[in-house]
Amino acid sequence: MSADLTPPAPVPTDFIRDIVAADVAAQRHAKIVTRFPPEPNGYLHIGHAKSICLNFGIAREHGGVCNLRFDDTNPAKEEIEYVESITTDVQWLIAGWADHCLGFKPQGAHPAKVTSHGQPDYYLAPVSLPAPGSPLPASAEPFYASDYFDALYEYALELIRRGQAYVCDLNAEDTEKYRGAPDRPGQDSPFRHRSVAENLDLFQRMKAGEFPDGARSLRSKIDMASPNMWLRDPLLYRIRHIPHYHAGAKWCIYPLYDYAHCLSDYLEGVSHSLCSLEFVPHRALYDWVLENLGLPRPLPHQYEFAKLVPTYTLLSKRNILRLVQEKVVAGWDDPRLPTLSGLRRRGIPASAIRQFVISVGVTTFNSVTDIAVFEHAVREELNRTAARRLAVLRPVKLVLTNLPAGETIACAAVNNPQDETPTTRPVALTREVFIEADDFAEVPPPKYFRLKPGGEVRLKYACIIKCDELVKDAAGAITEIRCTAQLDTRHGQPNADKKVKGTIHWVSATDCLDAEVRLYDRLFTVPEPGAAEDFMKVVNPKSLEVVTAKLEPSLAGAKVGERFQFERLGYFTPDAKDSSPAKPVFNRAITLRDAWAK
RNA sequence: UGCCCGAUGGUGUAAUGGUAGCACGAACGACUCUGACUCGUUCUGUCUAGGUUCGACUCCUAGUCGGGCAGCCA
């Protein structure tokens, strides 16, 4: 977790931040508490990054806290693998930016019985840090909705006592029939008018495991004729005789999202509960549960915003899972995927992801964001921070005929021209070098600045060379380009200022490193793969190209997490899984902008 | 064809009854030991029709178009 030296970008306001600011001004909450509540059933992607940056952003702007909470109320889908990856990804994304706002709870802690305003209540606070910004103790852990099952059960009992919930014996099919349709009112369940005593008895027996899966459910008693389908006596609990990855085998009844989520927010003292637009119809239910329990503390409120939809990418967990299962990609962390682990492995800095999702803004309009906005944020960050190195992806041999074999000419290469006081490193020019195949054309197209027969070009950081002659094999392919080096055009030499139109990169053929380099391109060929009949049919067959490149020797020490600009090519990082000193593997995060290619 | 939500350039977003701005993108140009970066110029917008008002992107009405809602998923 390195410090982020990015100057604090001005945070644009939005309608949610306006609401929070008004609540702060009115002192409606003792503290601003938000939460990021993923279900641990998949990996986090860049869409989640928008939610993370909103929730943590609001917390940090108000000296508040944002709890990481696993919304794990469906044991059929959730796995420990996902809680681990999600925890890692969240911490990576906010490191150096909002890590001091991350809300974790003491290990093993459950909501405590407390008294609030003279009333019995439950509450679970995040660990309190000795000083603001101090690191979380190793004993802290994320919040889990499944830690609230006891409290949730007590609240359900209370709802029953208040006559607001009942045990229903309808099966799933009949429940659906009774619910009616959006343009047709539903019908009351025949079990809607059971006595409180009978409901209490039945619900306790549900918990005790007396009934099979689906035999009964606990339902809210709201309005079967409501125009809002989510108010037609929605289920609160279902019976599932399966163990839970976190709660163990204790339960066979599990709460549903709409019941668990609002109460989880309440238990944690959440002030603002932010979710995406598809939950708008659920908001009335969120409020109903909280309001009908007579809770003593201030209630959290739900606000909704539009999801991020970038072009040329697929964001739903279900679809990403399919790409993984059908081996279109190599795993959840394949660098072509928009998962946070994939983006990290590809070499995308967390700060660029943050900058991107923040720049997109927060509204209630379902929009599609041009992926170019993301690419711009990545380039802007990497241009500022990445050290420059020389590397040749598709090497062609070039011989400097006036330079004796074995002689080396010391040159100084700038590490990052964007630094206020750029430093340099030595690179050695030798008789034989590699240049990029693209940088030579026997028959140059119009306006070609690079090397051509009889032409001159500068070898970056070295000198100007002139192309004298080509050596070809029997098939006519160029095997060697023979040039003369104009050594007096080196930096500090009399003709250093001589101008040529083109400058190309190079690597010494006798002092270089072989490396596998993975060149990634968009995974899909169309802007909205999700709108295609079958997104499998619009997968880009050229999304990955692997080359054996020649690298300048200093790249031997490259470490995972370091990012480099290979000059004139793009930004690259060692692959976290496959790269080793003996066999370096680099991933291309993104190319440089290339006006010439167009 | 019930209810809810939304609509500003190619894209995203700002303007909260008072000059429609910013960013991405595109085109052209300058600069350049990265055809990068940087800089300059240009491009394109308030869904429609009424109404309120001195004045409407903003408020009202109707329409059009788009999205959402009928899991014992979240």
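In what follows, every chain begins at residue 1, and chains take the letters A, B, ... in the order their sequences are listed.
- Nucleotide B:G29 is shown with an anti base, its glycosidic torsion being more than 90° from 0.
- A:Val368 comes within contact range of the sugar-phosphate backbone alone, with a heavy-atom separation under 4.0 Å but no base atom that close.
- Two rings, from A:Phe566 and A:Tyr571, have their centers 6.0 Å or more apart.
- Here A:Leu569 lies out of heavy-atom contact (under 4.0 Å) with every strand.
- Look at the C1' atom in both B:A56 and B:A20: the space between them is 12 Å, to the nearest Å.
- Base contact: A:Phe449 has a heavy atom under 4.0 Å from a base atom.
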I'd like a table of atom pairs between the protein and nucleotides 62-67 of chain B - only N or O on both sides, under 3.5 Å - with the distance next to each one.
residue, atom, partner, partner atom, Å
B:G67, O2', A:Asn366, ND2, 3.2

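- The nearest whole Å value for the distance from the CG atom in A:Leu459 to the P atom in B:U34 is 13 Å.
- A distance of about 14 Å separates the P atoms of B:U8 and B:G45, rounded to the whole Å.
- The six-membered or imidazole ring of A:Phe572 lies away from that of A:Phe586, with a centre-to-centre distance of 6.0 Å or more.
- In this structure, A:Leu451 atom CG and B:G35 atom C1' are separated by 16 Å, rounded to whole Å.
- Aromatic ring orientation, A:Phe70 versus A:Tyr144: tilted (interplanar angle from 30° to 60°).
- A salt bridge links A:Arg194 with A:Asp169: the closest approach of a Lys/Arg side-chain nitrogen to an acidic carboxylate oxygen falls below 4.0 angstrom.
- Comparing A:Cys463 and A:Ser359 by the nucleotide of RNA chain B that holds the closest heavy atom to each, the one mapping nearer the 5' end is A:Ser359.
- Ring centroids of A:Phe203 and A:Tyr153 are separated by less than 6.0 Å, placing the two rings close together.
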Tabulated below should be each protein N or O lying under 3.5 Å from an N or O of nucleotides 68-70 of chain B; please produce it.
residue, atom, partner, partner atom, Å
B:C69, O3', A:Trp230, NE1, 3.4
B:C69, O2', A:Trp230, NE1, 3.3
B:A70, O2', A:Arg179, NE, 3.4

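- Rounded to the nearest Å, the gap between the C1' atom of B:G67 and that of B:U32 is 48 Å.
- If you check distances only, the side chain of A:Arg450 does reach the base of B:G35 with a donor-acceptor pair under 3.5 Å.
- The CZ atom of A:Phe572 sits 17 Å away from the P atom of B:A36 (whole-angstrom rounding).
- Classification of the A:Trp596-A:Phe449 ring pair by plane angle, with boundaries at 30° and 60°, yields parallel.
- In this structure, the NZ atom of A:Lys499 is 11 Å from the P atom of B:C31, given to the nearest Å.
- The side chain of A:Thr503 contributes no N or O atom lying less than 4.0 Å from OP1 or OP2 of B:U32.
- Spacing of C1' atoms, B:C22 relative to B:U46, comes out at 16 Å, to the nearest Å.
- As rounded to whole Å, 19 Å separates atom P of B:C33 from atom CG of A:Leu429.
- Ranked by how close their nearest RNA chain B nucleotide is to the 5' end, A:Ala372 and A:Asp169 are led by A:Ala372.
- Per the geometry, CD belonging to A:Gln418 stands 14 Å off C1' belonging to B:C39, to the nearest Å.
- A distance of 3.5 Å separates CD of A:Gln302 from SG of A:Cys275, quoted to the nearest 0.5 Å.
- When rounded to the nearest whole Å, the span between CZ of A:Arg17 and P of B:U13 equals 14 Å.
- Nucleotides B:C57 and B:A7 have their P atoms positioned 15 Å apart, rounded to a whole Å.
- As rounded to the nearest Å, B:C31 and B:G40 have P atoms that lie 15 Å from one another.
- In this structure, A:His282 and A:Phe279 have perpendicular ring planes: the angle between them is above 60°, well past the 30° mark.
- Within 4.0 Å (heavy atoms only), A:Tyr448 reaches at least one base atom of the nucleic acid.
- Of the side-chain N and O atoms in A:Arg240, one or more sit less than 4.0 angstrom from OP1 or OP2 of B:C73.
- Across the P atoms, B:U61 and B:C5 are found 12 Å apart, a figure rounded to whole Å.
- Contacts of A:Ala462 with the nucleic acid, taken as non-hydrogen atoms under 4.0 Å apart, include base atoms.
- Comparing the C1' positions of B:G21 and B:U16 gives a spacing of 15 Å, expressed to the nearest Å.
- Note: CD (A:Glu304) to C1' (B:C5) measures 9 Å, nearest angstrom.
- Annotation: A:Tyr237 is in aromatic contact with A:Tyr259 [ring centroid separation under 6.0 Å].
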